[in-house]
Amino acid sequence: MQFNTYTVAGAHIAVWLVNHPALDAAALTAELHRHDVHEPTGTAADVAALRPWTARLREVFAAAAETDKARLADALLVEADCRPRLVSHGQGKPFHFHYAPAATGLAARVRALTAAGLAHVIDDGGGTRLRVCDRTGCDVAFIDVSRNGRRHFCCVRCANQVNVANHRQRRRYGAISPAG
């Protein structure tokens, strides 16, 4: 699946927020800067304002059905008062989407951007790609960017741990005879 960096930067920021619940202003600023968010400097107040929002973002990743993901993302769009507009930051600079006015403050802009990013992924047919790792005890959220969209684990390490445990369990109960 091809992801347009301009429309799904918000989804990647949502993943980062969900996976970094104990963030600080410096880390938030660095992540937003990495995604070219306009005026990305965060404060302790922005971090505090985004904490409850992060829990709402996690719900989208954790929802089992794509219809539930769409319903939750739509509620986020409404709550964030997401109003897309085309903006250019100067003469000769390209136009791109902003989902909230810059004057609204960073936390409001991040809420609108992350809600829109998740909605763009779902709208593009990728709702099932918004996931939480299937390994018991791992709650890492991720966007499955694999070609076939069937990834169930956040990383190879989690996949290997589950596969080794399943192999050992099958072997223990005689489903696989030991080599030798």
Grab the two heavy atoms, one from [X] and one from [Y], that are nearest each other, plus how far apart they are.
{"X": "V8", "Y": "G117", "answer": "CG1-O, 4.3 Å"}
{"X": "F142", "Y": "H152", "answer": "CZ-C, 3.9 Å"}
{"X": "A141", "Y": "V18", "answer": "CB-CG1, 3.7 Å"}
{"X": "A63", "Y": "L72", "answer": "CB-CD1, 3.9 Å"}
{"X": "L23", "Y": "V47", "answer": "O-CG1, 3.5 Å"}
{"X": "A107", "Y": "D46", "answer": "N-OD1, 3.6 Å"}

| said: Does anything in residues 63-84 form a side chain to side chain donor-acceptor pair (under 3.5 Å)? List the pairs, not counting sequence neighbours. | reply: R56-E79, D81-R83
Do you reckon [X] sits in the same ILVMFWY cluster as [Y], going by side-chain contacts under 4.5 Å, direct or chained?
{"X": "L57", "Y": "V145", "value": "yes"}
{"X": "L113", "Y": "L86", "value": "yes"}
{"X": "I13", "Y": "F97", "value": "yes"}
{"X": "V37", "Y": "F95", "value": "yes"}

Check: [Y] main-chain N/O paired with [X] side-chain donor or acceptor under 3.5 Å:
{"X": "T29", "Y": "G42", "answer": "yes"}
{"X": "D144", "Y": "S146", "answer": "yes"}
{"X": "H20", "Y": "W16", "answer": "yes"}
{"X": "T104", "Y": "A100", "answer": "no"}
{"X": "R58", "Y": "F61", "answer": "no"}

Does some side-chain heavy atom of [Y] sit less than 4.5 Å from a side-chain heavy atom of [X]?
{"X": "C138", "Y": "C154", "answer": "yes"}
{"X": "R34", "Y": "P40", "answer": "no"}
{"X": "L77", "Y": "Y99", "answer": "no"}
{"X": "V110", "Y": "L17", "answer": "yes"}

Approximate separation, where rounding is to 0.5 Å, of [X] [atom1] and [Y] [atom2]:
{"X": "C133", "Y": "R157", "atom1": "SG", "atom2": "CZ", "result": "11.5 Å"}
{"X": "L28", "Y": "H33", "atom1": "CG", "atom2": "NE2", "result": "13.0 Å"}
{"X": "R151", "Y": "D134", "atom1": "CZ", "atom2": "CG", "result": "11.0 Å"}

| said: I'd like to know if the side chain of H89 pairs up with that of H98 as donor and acceptor (distance under 3.5 Å, no hydrogens or angles considered). | reply: yes
| request: Return the orientation label for the H12 and H35 ring planes: parallel under 30°, perpendicular over 60°, tilted otherwise. | output: parallel
| So which pairs with a foot in residues 92-117 pass salt bridge (charged side-chain N to carboxylate O under 4.0 Å, His left out), sequence neighbours left out? | none
| task | Report the C-alpha separation of L118 and L130 in whole Å, then their side-chain angles, then the decisive distance to 0.1 Å, and conclude whether the side-chain contact (heavy atoms from CB on, under 4.5 Å) test is met. | result | CA-CA 8 Å; L118 294 177; L130 302 172; 4.0 Å; yes
| request: Output, in order, the C-alpha distance, side-chain angles, deciding distance and verdict of side-chain contact (heavy atoms from CB on, under 4.5 Å) for L106 and T41. | output: CA-CA 8 Å; L106 186 64; T41 305; 6.0 Å; no
